[in-house]
Every structure is written in C-alpha cells, then in structure tokens.
Amino acid sequence: MQFSPDTKVLERAEWQELAQAHQARAGRYANPYVERRNRGEKHPVEDFLFTYYTLKPGQMMRWHPGAGVILLGAPEYADQKFYRAVTAQELQDAGVRAERAQQLAHESAAVTVDVEGFLEKRGTAVSFTREILSNTAAKPGYFGCFGMHEWAMAYKSVENNIRHDYLGLRLGAEGTDKVVESHKIRCSHFDAFRFFMPQAAPMNELQPTREQQRNLEQPACLHANMDVYKWAYKLLPLVSSELLMDAFELAWEVRELDMKAAPYDLKDWGYEPVKVETTEGKAQYVQIQREFAERSVELRNSLLAVVETYRFALTEAV
C-alpha cells in the first residue's frame, strides 16, 4: 500500500479516544446481552444479532480504524490478525519526520491494516460480498411483502406441534393461519424462506436458494438489510468500526420492526405490535420499511466504496 502526506496518521491519544468512543457505542448493545447470557436469561428481540450472526460481542467491541490509516504508538495492534507494522519509509511518505519514523519502525509501534494479506486470505469472500452488495443496492425495493415471512414461520403450528411457550401468538394459531392464507407471500430472502413451515413454503411466489441469493436480494427486504451488518463484519478490519456500527444499528432497528410485525405477542416485553393484518398496520410497516431501504442502500454503497478503493489489489489476490 502506498502512503502520502494525505494519509490519516493518528497519534496514540487520538486513536485511543476513538477506540473508547466505539467501545461505549458498541457496549450499549453488547454489555446487556453478555449480562443476560451470564444470568441464563434471554431476550426475544435484542439477543438475535448476537446469536444469529457470528461476530462475538468481544469482537464487536474491538475498535478498527479501517484500511489506509496509520496508528502511532500502537504496538498492541502489531500482532492482531490482518495488521502489520509500517516501515520507516512508509511513515516518511505519510509525513512523519525521518528520525521519529525510524524509531517507530524499530519498535513496531506504527501499524496499519494489512490490505494485501487480507485480500490474499479473504479475496473470494470479498468478491462475493462485493457482488451481492452492488446487485442489491442497484435494485428497486419491493414493498408488498408486509412481513409475511415471520407469519409463514409460524404457520400450521398445531399440525407441526410447534409450541409457543416463550412467546404466544397474538391472534392464536388459527388466527395466524388465516392471516397467512389471506395474503400473497413473496419472500425473496433465502435465510428467511428456509425457516418457513413446510405447508407455507409452496405458497411463496419465489423459491429462493442459496445459489440465487446474490440475484434475489432487494433493498426493501428486512432480513437483507439486517445482513448489511454481516457483510460489514466480514470486511473487518478493511472497513472501520464506525461503519460496522452504522450497519449494526440499522440491523437493530430492523429487528425491532421485524418482531413488532410478527405474529408474536411482545407486549410484556414493551413492544406494541405493528398489525400488518390491517390496512393501517400495512401502511405503518411500509413507511418504516422505506426509511430502512434508503439507509441500507447508503450503507451498501459505503461498504462498496471501501472495496472499490482496493479493487486492483483484490483482482490480483483472486
């Protein structure tokens, strides 16, 4: 990687302040989850992003500046995965005076993200991420699903001997089935569709597969928009923790709507339902869904901008 006087170079006090701010931001979500887990407690809405996705709370709390940034006085980063020490010449290219550059390089106290090493190991995954992000961002959103994917997951619960001891069905089993049968089901997201009850799967207008995922994803889909967080953490530390948390916080809000619009009764947990079985509820759902879609496209484009910055290195790596 080439550095120049325009390269962002952060002194230890500067990057530590950023790291502490990130830990406070991430800790707002991660710490309560860890505390609940230690007590053996569960939360039907807030636990999802930590149990469904693979990034652990401790990993989320770890701050990353993103590629192209040099951290000074950061020997603790030198041995972290996908980081490397910065040479004296690179430090001088970035505007650090020669004497200090030599000292920092000798002590391995100046580090940066190892872009080449990251792309060498993760190049194929990055290529797939780039494809699915760009395909999804470029598509128009479909706003006629009304969250029926969650209802399809609870369809025919009596026949399937599915108990809802943890969360009751707001309309009961029969009422839930009637809602599913009276609506058009058009779920484009494979990781939602694969949890449909067997009687509901043939009712879906689409039959998504893992192979079709990169072509079927669209930016109005709540689950696809939660997955922006997944694509962000798969690009760590190439992307910054700030961008990661922007994606996480969108996913957090999306999860809330997803469960409010689901057939489950969450009033005891403080969530008022978005009654998508009604005209008013559908309008409320779509209004919020449109806001999420706009934010998701912005985030996808931000992630793509990082990948495109290193496009030529990516081409060489794969």
Side-chain angles (χ1 to χ4, degrees), residues 1-31 34 54-123 125-126 129 229 231-249 299 302-303 305-314 316-317:
M1 174 183 288
Q2 293 183 343
F3 296 106
S4 72
D6 295 328
T7 299
K8 183 181 290 187
V9 180
L10 298 177
E11 297 284 353
R12 184 174 181 85
E14 293 176 302
W15 66 256
Q16 281 194 321
E17 183 177 352
L18 294 173
Q20 289 167 3
H22 165 71
Q23 288 161 6
R25 183 182 182 185
R28 174 189 167 198
Y29 307 97
N31 290 338
V34 172
T54 59
L55 192 71
K56 297 176 181 178
Q59 294 171 317
M60 189 178 83
M61 295 279 286
R62 190 176 303 146
W63 177 74
H64 300 284
V69 177
I70 296 176
L71 304 182
L72 302 183
E76 58 265 64
Y77 274 84
D79 295 328
Q80 285 196 25
K81 192 172 185 179
F82 298 126
Y83 280 86
R84 67 171 179 84
V86 182
T87 67
Q89 184 59 57
E90 288 175 324
L91 286 167
Q92 291 181 62
D93 292 342
V96 179
R97 56 185 176 81
E99 184 178 350
R100 190 178 183 211
Q102 291 289 343
Q103 180 182 357
L104 288 165
H106 177 71
E107 297 173 354
S108 297
V111 301
T112 192
V113 172
D114 182 5
V115 174
E116 290 78 11
F118 180 87
L119 294 176
E120 182 181 354
K121 295 288 187 181
R122 302 278 180 85
V126 172
T129 301
Y229 166 61
W231 306 125
Y233 72 68
K234 285 183 178 294
L235 292 174
L236 287 175
L238 203 67
V239 303
S240 69
S241 290
E242 181 179 7
L243 185 49
L244 173 77
M245 289 307 302
D246 289 344
F248 178 90
E249 288 175 347
L299 285 168
S302 294
L303 291 170
V306 175
V307 174
E308 290 300 323
T309 299
Y310 306 104
R311 180 166 60 92
F312 297 109
L314 174 62
E316 294 174 0

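In this text the structure is predicted, and so the values were computed from the model without any measurement. Just so it is clear, the values below take in all heavy atoms, side chains as well, and ignore hydrogens, waters and symmetry mates.
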Do [X] and [Y] have side chains that approach each other closer than 4.5 Å (heavy atoms only, starting at C-beta)?
{"X": "L18", "Y": "E242", "answer": "no"}
{"X": "V239", "Y": "L303", "answer": "yes"}
{"X": "L72", "Y": "L91", "answer": "yes"}
{"X": "F118", "Y": "V126", "answer": "yes"}

- line: Those residues at least two apart in sequence (or on a different chain) that pass ring-ring contact (aromatic ring centres under 6.0 Å, His included) with Y229 are Y53, Y233, F248
Set of ring-ring contact (aromatic ring centres under 6.0 Å, His included) partners for Y83, sequence neighbours left out: H64, Y77
Which heavy atom of [X] sits nearest a heavy atom of [Y], and at what distance?
{"X": "Y310", "Y": "G68", "answer": "OH-N, 3.6 Å"}
{"X": "A88", "Y": "A105", "answer": "N-CB, 3.6 Å"}
{"X": "I70", "Y": "A110", "answer": "CG2-CB, 4.4 Å"}
{"X": "M245", "Y": "A26", "answer": "CE-CA, 3.8 Å"}
{"X": "M61", "Y": "H22", "answer": "O-CD2, 3.2 Å"}
{"X": "A74", "Y": "L71", "answer": "CB-CB, 3.8 Å"}

Counting heavy atoms not belonging to [X], are there more than 12 under 6.0 Å from its [atom1]?
{"X": "R12", "atom1": "CZ", "value": "yes"}
{"X": "D79", "atom1": "CG", "value": "no"}
{"X": "Q59", "atom1": "CD", "value": "yes"}

field: Pair R62 + E76: basic N to acidic O under 4.0 Å
entry: no
What is the distance from atom [atom1] of [X] to atom [atom2] of [Y], rounded to the nearest 0.5 Å?
{"X": "E90", "Y": "T7", "atom1": "CD", "atom2": "OG1", "value": "9.5 Å"}
{"X": "K81", "Y": "L236", "atom1": "NZ", "atom2": "CG", "value": "12.0 Å"}
{"X": "F82", "Y": "L238", "atom1": "CZ", "atom2": "CG", "value": "10.0 Å"}
{"X": "R97", "Y": "L104", "atom1": "CZ", "atom2": "CG", "value": "9.0 Å"}
{"X": "K56", "Y": "T54", "atom1": "NZ", "atom2": "OG1", "value": "9.5 Å"}

- request: Take L55 and L244 through the side-chain contact (heavy atoms from CB on, under 4.5 Å) test and state the conclusion after the steps.
  value: CA-CA 11 Å; L55 192 71; L244 173 77; 4.2 Å; yes
message: Strictly distance-based, threshold 3.5 Å: is any side-chain N or O of T112 a donor or acceptor partner for the main-chain N or O of V69?
response: yes
task: Take T129 and L235 through the test side-chain contact (heavy atoms from CB on, under 4.5 Å) and record every step on the way to the result.
output: CA-CA 9 Å; T129 301; L235 292 174; 4.3 Å; yes
